[in-house]
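Atoms considered below: every heavy atom in the structure, side chains included; atoms not considered: hydrogens, waters and symmetry mates. Numbers restart at 1 for each chain; the letters A, B, ... are given by sequence-line order, proteins then strands.
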Number of protein chains: 2
Amino acid sequence: MDWDDLRIFLAVARADSLSGAGRRLGIDASTVGRRVARLEGALGAKLFVKTPQGYGLAPEGERLLPHAEAVEAAMGSAQEALSGPGDLTGQLRIGAPDGCANYLLPQVCARLSEAHPRLEIQIVALPRVFNLSKREADMAVAVSQPQAGRLVVQRLTDYQLHLAAHEDYLRAHPPIRGRADLRGHRMIGYIADMIFDRELDYLAETGVEWAALTSNSVSVQMQAIRMGAGLGIVHDFAIPFCPGVRRVLTDEISLRRSFWLIRHADDRRSQRMNRLAEALAQGIRAEVARLQARLIP
Amino acid sequence: MDWDDLRIFLAVARADSLSGAGRRLGIDASTVGRRVARLEGALGAKLFVKTPQGYGLAPEGERLLPHAEAVEAAMGSAQEALSGPGDLTGQLRIGAPDGCANYLLPQVCARLSEAHPRLEIQIVALPRVFNLSKREADMAVAVSQPQAGRLVVQRLTDYQLHLAAHEDYLRAHPPIRGRADLRGHRMIGYIADMIFDRELDYLAETGVEWAALTSNSVSVQMQAIRMGAGLGIVHDFAIPFCPGVRRVLTDEISLRRSFWLIRHADDRRSQRMNRLAEALAQGIRAEVARLQARLIP
DNA sequence: AAAGGGTTTTGCATTTCTGCAAAGGTGGCG
DNA sequence: CGCCACCTTTGCAGAAATGCAAAACCCTTT
């Protein structure tokens, strides 16, 4: 039995398909299929039920999975034992909502990447909740604490959101002195039925009923605001990236949210993962603080 | 990093050489060397100090070793999880002193092998103490309990030894009615300076001072006795294999010894190893009992 | 009903890995 | 001193694994 085939097995079990596993591993799907076949031969057991829709775990594979994960953990410890106390290496995939992914992670990860040249960071911006248990990512930034799953959660930082618009828009439209003046303004926000977390329902919280222009992406919303398309709730830390965008009604409308860093419970014992999480947490905290401090009141 | 390379690393670390590891793994030494080189490249660390006399663990390799063993253990559990509750598979290398290896293990292992067709049993007969920690064998039968090492020991069975000779020899020489009559007889025994365990010093215990024909192998001694070369202390359980060999002076000279089964402490958690050990223990017990019962008083 | 995107599977050219044989070194022994 | 046994390393031919492209299939959508 080739030990490396167990690595492939894990990937397929998590991706539920040869092609998905291949993408993740950076090798061809046909190779993945052949390695799985070889493993099954060596073990004398059918590990997957193969359908044209993908590979699903067979009972025997189900039984193997936790042991394969134990091997993976041991393999991680082994690699850890060698990488010098200083540098971090390997791959790190971070899932994050796109606000964080666009305006915070690039800088934070750039610095991290610079400090650790052999570290390979992947930022996955997705408007949905991650399935960490399937290892779609090693860590995830979330806007609320998950309830289920073998996960470990830590608070990253608080951040604020305010109503904002481009100064060109503000000049061209009636002044906004109070909440009542919002009536008649064009609002920009999330697509209602694509809100994947209650914490994102900013507009409802501010009492706005209707938005003229919506997107599932905060960066698209931000771009719309920057182009003078209207008013919207935006992250304070994003505003410095958009010259000309000004906050309005900061006294009356002010939201506070938190980012949470979510990791696999199993990774808790990994010194590497702990260090990566800590570096990420500090980086994000510092970046949020830096950007919010830059705001023109 | 190829997970399978860690398997090669383990073998080299234990064999202290590429060629030894290659023999053990059944692959060529040059391949072993290249895989080690590849692993070192992937890990960015020199794992071995390479000399024309072999591969010795470098400090980094020393650090990696326990983690690699953890991976090995996890890999074992994984394979165990799949092999049906019934059958045993894989390789089992048993080290044993040659008395046991010649007259007990062949039958016992033959039955075991028949019951588990995918099990591959190797019997290593060696006139020395095994280095289990280097995994020269998975288990070892010993004539005394080891004191040091992370080992687990269990008593297999007691057995007896008596003075014996071929009936042709007895007919051709003066009768032996008591210990005193032994004077003048040709004795067969161990080579004095090659006795690797005090328990083997049979002749000294019986008061015999000198042996005319000696060997480091009990089966060679037995063969000599069978050919009528003289008298010697032999295992009772070996006598049924040598037609014509009779015990003498059974009342006055009778030795009792024990076999012990020694295993790695780490293997204690392996259900497979436990089952193998149990099967071996029962087989050896039954075989000793069967053979000793067959003796002509 | 047909088309499109997703999957697995298969055939083939290419790359990679492996085993063998020879070369080069080093320590032990007569 | 030279020889022998053992080790590693290197060069090369054959075997094996890999990636790519195409085919076959299923489900969803137009």
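Atom CD of B:Glu114 sits in a sparse spot, with 12 or fewer heavy atoms from other residues, nucleotides or ligands closer than 6.0 Å.
Of the candidate nucleotides C:dT26, C:dC20, C:dT9, C:dT26 has the atom lying nearest to any side-chain atom of B:Pro52.
Salt-bridge formation is not detected for the pair B:Lys46/B:Glu62: no Lys NZ or Arg NE/NH1/NH2 atom is positioned less than 4.0 Å from an Asp or Glu carboxylate oxygen. The existence of a salt bridge linking B:Lys50 and B:Glu40 is confirmed by a sub-4.0 Å separation between a basic side-chain nitrogen and an acidic carboxylate oxygen.
One atom, CG of A:Leu18, and another, C1' of C:dG6, lie 13 Å apart when rounded to the nearest Å. Rounded to whole angstrom, the span from the CZ atom of A:Arg35 across to the C1' atom of C:dC17 amounts to 13 Å. In this structure, the CD1 atom of B:Ile27 is 13 Å from the P atom of D:dA17, given to the nearest Å. Rounded to whole Å, atom P of C:dT15 lies 16 Å from atom CG of A:Asp28. The distance between atom CD of B:Gln53 and atom P of D:dT9, rounded to the nearest whole Å, is 12 Å. Atom CG of B:Asp4 and atom P of D:dA17 are 12 Å apart (whole Å). Regarding B:Tyr55, its OH atom lies at a distance of 7 Å from the P atom of D:dT8, rounded to whole Å. Taking atom CG of A:Asp16 as the reference point, atom C1' of C:dG6 lies 14 Å away to the nearest angstrom.
Using a 4.0 Å heavy-atom criterion, one finds that A:Thr51 contacts the sugar-phosphate atoms exclusively. Nucleic acid contact for B:Arg34: base, since at least one base atom lies under 4.0 Å from a heavy atom of the residue. Residue-level contact check: A:Gly33 touches neither bases nor backbone, having no heavy atom under 4.0 Å from any strand.
Residue B:Arg38 has a polar side-chain atom (N or O) positioned under 4.0 Å from OP1 or OP2 of C:dC17. OP1 or OP2 of D:dG19 sits under 4.0 Å from a side-chain N or O of A:Thr31.
Side-chain contact check for A:Leu280 versus A:Ile94: some heavy-atom pair is nearer than 4.5 Å. Side chains of B:Met273 and B:Asp138 form a contact here, defined as non-hydrogen atoms less than 4.5 Å apart.
No N or O donor and acceptor, one from the side chain of B:Ser19 and one from the base of D:dC6, sit under 3.5 Å apart. At a cut-off of 3.5 angstrom, counting only N and O atoms as typed in the model, there is no donor on one side facing an acceptor on the other between the side-chain of B:Ser17 and the base of D:dC6.
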